[in-house]
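Since the structure comes first, as C-alpha cells, the remarks are kept for the end.
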Amino acid sequence: MRRLNPRQEEAVKYIDSPLLVLAGAGSGKTSVITQKIAYLIKTCGLKAKHVVAVTFTNKAAREMKERVGQLVSGKEARGLTVSTFHNLGLNIIRREHKTLGYKPGFSIFDDQDVKALIKELGEKYYSEGMDKIDLIQHTISNWKNDLITTDQAISHAKDEETEVIATIYQHYVRTLKAYNAVDFDDLILLPVKLFSENPTVLDKWQNKIRYLLVDEYQDTNASQYLLVKQLVGTRAAFTVVGDDDQSIYAWRGARPENLALLKDDYPTLNVIKLEQNYRSTSRILKAANTVIANNPHVFEKRLWSDFGMGDEIRVVRCRNEEVEAERVAAEIITHKLKHETKFKDYAILYRGNHQAKLLELKLQHHQIPYFISGGTSFFSRSEVKDIMAYLRLIINPDDDNAFLRVINVPRREIGPTTLEKLGNYASQRHISLFAACNEFGLSTHLDERFLEKLQRFTHWMQKITQQCHQEDPVTAIKDMVHDLDYQNWLRQNSSSDSVADKRMSNVWTLVESLEKSLKVADEEDDVETDIKTAIGKLVLRDMLERQEQEDDSDRVQLMTLHASKGLEYPYVFMIGMEEDLLPHRSSIEENNIEEERRLTYVGITRARKALTMTLAGQRKQFGEQIETTPSRFLEELPIEDVIRIGFGEEVSQEIKQATGKDALASIRNRINK
DNA sequence: CACGTATATTTATAT
DNA sequence: AATATACGTG
C-alpha cells in the first residue's frame, strides 16, 4: 500500500464535519476510502457494523471489500457494510418489508421484466401504436428517480402523450405491487419513502449507520441523494468522493450537480481536492486533460503525475472490425513476449457489449486467456431465464411474469387460450395467476381437462417450495431441475447435443452460484441472508462474476468503458474509436456529446503505461458493411503525443507488410525511441 | 395445441 | 446477421 500524501491523509483523518473529496482519475480515491474505513475502525474506535460504504457497481464494491480486507483483520471488519446502493436498498427493504406492505420473498423485476410488463399494460389500456415502449420505460424510470409520484405525473402532464404514459405509470406501480414485486428504481425509492414516512424506522437506521462513505458521488441521482441525506441525518457524519469529469450515468438519472449541491445542504462542508495522479504517464494524462478540456467545468482541476513522459498514444486504423480484433490480439501477443508481462496487464475497452463478440473469437483463436466482465449475456440466456423464473416463483408465487414464462416450459400442454381465460379470471378477482389456479370459482370458466393441467403444475410448485423451506434449499432446487427433466427439454430445443450440454452447464453454474452465496452468507453470519435474499442478489447480477474470476487468473480483461471506471491496467486498448460508436449515435442525436467525452476520458485514464486506440474503416451494421468516420475525440488528442498508424502515412506501410513478430517488434522499438 | 416457416425488428451504457 | 414475433398447417 502506497504512503498517503498530505492531502490524502487529511481526507482520511478529517471527521469534524461532512467532507467532499474531489478526486481526479487515479488520484487514489479508493485508497482514501479504504484507509478511512480502517482509520474509523482502528483509530476512532467505531465498530465496523456502524460503518457503511456504498458504490455503484458490484465490481467496485468487491474491489473495495478486498482492499479493506488488507488493512483490517477479518474480526475487526465483522459487520462492515460495503455494497452497492441497490444492494443496500434491497437489505433495507428486506428488513422493513412489512412496514412497506410487501410480503416476504418479493421479486425483483429486471429491465426485461419491466419492459414486458409495460408492453402488456400498454396493449391492455391503449391498444393503438405501442411502438414507444422504450420511451415509456425510460420516462417512468426517470419519474421514479426524481421521486415523482403517479399522482404528480398525472397532474403535471403537459401533453397528451405524457398523460398516457402517466396513466400507464399508475397501472404499472399498482401491478408491481399486486405481484409483490419491486423494480430496480424501487430499491432506492422505497427506502426513501419509508424513511420520510416513518421517523422511528429512520432513527433505527441512523443509529446503525454512524459513518457513511459514498464513492463515485457524481453518479448519484435525486433519490439516492435523498437517501444519503436521510441516512446521515443531522449528525452528518459522512465522506463522499467524486469527480465530475467521470460522470457517465446521466442516462440513468445521475446528477453530477449533486457535487455542487452539497455545499448548500451542508454549510460546514469541507472540500479537499486530490490532483496528483498515481497511475499514468504524463503523456496519457495530457491526452486525457486536453480531451476533457473541451467540456465546460464546475470544478477546475489539473491532474499531474511524476511518472515521466512515457510512450506516445497510438491510434491504429484497421480495414474492418475483423482486422481490428485480429490486430489487438496480435499486438497483445507480441507485446507480452517482448516485455514479459502478464495477460492480466492488458485491458480491452469498448462502448457496447456486442463488440466483445469478435474479440472473443480472435482471442480464442490465438489461445489468449481472457475474461469478459459484466455484459448481460449470461443472464439473457434463455435457460438461465427459465430457471431464474422458477426460482422467483418459489420465493414469490404471485410473480405473474415468472409464472407465464415457465408455465409451459417444458411443455405442459397449456396454451394461450387457457392462459387467457385464467388471466381474465385472475384480474377480475384481483389475484395472481398462481393463486387463481387453486380457486374453486375457476372451474366454471375452464374445462376440467385444462384445470387439471394447471393444478398439477401449481401443486408441484408448492411441493418444491415446501421442500425449500423444510430441507436444504439447494438440494430441493437441484431436485426440481431433475424433476423438470430440463436437460431433455434442452436437448429437444438445441441444434446439437453439445450445445444442449453447454446450456445445461449454465444452469448448474447458476445453481452453484446460489449455493455459494448461501454458504458465504453462513460464514459471514449475515443475519438475514437466506434463499430469498440470495435469489434477489442473483437478479442484481451480484456474486456470479465472483466465482468465475475466483481463480484470480492471468487473463486479458474485456469490458465496456462504463464497467472500467475505477479500474486501472498497465496497457489499455480502446477499440471502435468511430463516430456513431464513440460518441454513440444516440448520443449524437440527443446532443449529448459531453457525456461521451467523459466516457472517453474515463477510458484514457484507465491506462498506466501505454494506450492504444483502434478503429475500423468499415464495420458491419445490420448485416451490411458501412464506411465509418473516425471519432471526433481522436482529433481532440494532443497531436504531438500521438502516433497514427494505418492512415496512409509512412509507418503504416511497414505495418501493412509486417505480419511477423520481429517486424512488429522492430517498429515498436523505433516508436519507443 | 405444437411446430414450422415467413416477416419484422434490432444494437448503448448498469443496478 | 441474428433474433423475436406472426401466421398458417397438421
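Numbers restart at 1 for each chain; the letters A, B, ... are given by sequence-line order, proteins then strands.
- Within 4.0 Å of A:Gln355, counting heavy atoms only, lies no atom of the nucleic acid at all.
- Only one option out of A:Arg67, A:Glu66, A:Lys65, A:Lys59 pairs with A:Glu63 in a side-chain contact (heavy atoms from CB on, under 4.5 Å); it is A:Arg67.
- Using cut-offs of 30° and 60° on the angle between ring planes, the pair A:Phe403 and A:Phe457 is perpendicular.
- Looking at heavy-atom distances under 4.0 Å, A:Phe109 makes no contact with the nucleic acid at all.
- For DNA chain B, none of the residues of residues 137-147 of chain A falls under the heavy-atom distance limit of 4.0 Å.
- Summarising the geometry, the separation between CE on A:Met388 and C1' on B:dT15 is reported as 13 Å, rounded to the nearest angstrom.
- Note on A:Ser587: every side-chain N or O is 4.0 Å or more away from OP1 and OP2 of B:dA12.
- Between the side chain of A:Arg598 and the main chain of A:Ser247, a donor-acceptor pair closer than 3.5 Å is present.
- Taking 4.0 angstrom as the limit, A:Asn87 places none of its side-chain polar atoms (N or O) nearer than this to OP1 or OP2 of B:dT15.
- Rounded to a whole Å, the CZ atom of A:Arg449 is 8 Å from the P atom of B:dC1.
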Write out a two-atom table: protein N or O, nucleotide N or O from nucleotides 1-10 of chain C, distance below 3.5 Å.
from: C:dA1; atom 1: OP2; to: A:Gly623; atom 2: O; distance (Å): 3.4

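- Atom pair A:Glu216:CD and B:dA14:P shows a separation of 14 Å (rounding to whole Å applied).
- Note: CD (A:Gln112) to P (B:dA14) measures 14 Å, nearest angstrom.
- With sequence neighbours left out, the side chain to side chain contact (heavy atoms under 4.5 Å, CB included) criterion links A:Gln137 to A:Asp111, A:Val114, A:Lys115, A:Ile118, A:Asp134.
- Remark: the backbone N or O of A:Gly242 is not paired with any side-chain donor or acceptor of A:Glu216 at under 3.5 angstrom.
- Among the candidates A:Asp113, A:Asn401, A:Asp399, A:Asp400, the single residue satisfying the side-chain contact (heavy atoms from CB on, under 4.5 Å) test with A:Ser107 is A:Asp399.
- Considering only side-chain N and O atoms, A:Thr418 lies under 4.0 angstrom from the phosphate OP1 or OP2 of B:dC1.
- A cation-pi geometry, defined here as NZ or CZ lying under 6.0 Å from the six-membered ring centre and within 45° of its normal, does not hold between A:Arg503 and A:Trp489.
- Atom NZ in A:Lys59 sits about 10 Å away from atom P in B:dT15, given to the nearest Å.
- For A:Tyr346 and A:Tyr569, the distance between ring centers is not under 6.0 angstrom.
- Note on A:Asp111: a base of the nucleic acid sits closer than 4.0 angstrom, heavy atoms only.
- Between A:Tyr249 and A:His562, the ring centre distance stays below 6.0 Å.
- When the nearest nucleotides of DNA chain B are assigned to A:Ile414 and A:His86 by heavy-atom distance, the more 5′-ward of the two goes with A:Ile414.
- At the heavy-atom level, A:Thr57 lies under 4.0 Å from the strands shown only through sugar-phosphate atoms.
- Sequence order on DNA chain B of the closest nucleotides to A:Arg411 and A:Ser586 puts A:Arg411 first from the 5' end.
- Atom CG in A:Leu561 sits about 16 Å away from atom C1' in B:dT11, given to the nearest Å.
- Regarding A:His584, its NE2 atom lies at a distance of 15 Å from the C1' atom of B:dA14, rounded to whole Å.
- Within the nucleic acid shown, A:Tyr249 comes within 4.0 Å of sugar-phosphate atoms alone, with no base atom in reach, counting heavy atoms only.
- Between A:Phe106 and A:His97, the ring-plane angle classifies as tilted under the 30° and 60° cut-offs.
- A salt bridge (Lys or Arg N to Asp or Glu O under 4.0 Å) check over residues 184-195 of chain A, counting only residues at least two apart or in different chains, returns the pairs A:Lys144-A:Asp186.
- Taking atom OH of A:Tyr350 as the reference point, atom C1' of B:dA14 lies 14 Å away to the nearest angstrom.
- For A:Arg351, counting side-chain heavy atoms from C-beta on, the closest listed nucleotide (B:dT11, B:dA14, B:dA12) is B:dA12.
- Each of B:dA12, B:dA2, B:dA14 was ranked by its minimum atom distance to the side chain of A:Glu413; first place goes to B:dA2.
- For the P atoms, the distance from C:dA6 to B:dT11 is 16 Å, rounded to whole Å.
- Judged by the 6.0 Å distance and 45° axis criteria, A:Arg392 is positioned over the aromatic ring of A:Phe109.
- Between B:dC1, B:dT15, B:dA12, one nucleotide has an atom nearer to the side chain of A:Phe450 than all others, and that is B:dC1.
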Legend entry - Strand DNA chain B as a dot-bracket string - pairs counted if Watson-Crick or G-U with both distances under 3.5 Å, | where the partner lies in another strand: ||||||||||.....

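- If you check every strand for non-hydrogen atoms under 4.0 Å, A:Asn408 touches sugar and phosphate atoms only.
- Remark: A:Ile395 pairs with A:Lys532, A:Ile535 by the side chain to side chain contact (heavy atoms under 4.5 Å, CB included) rule, at least two apart or across chains.
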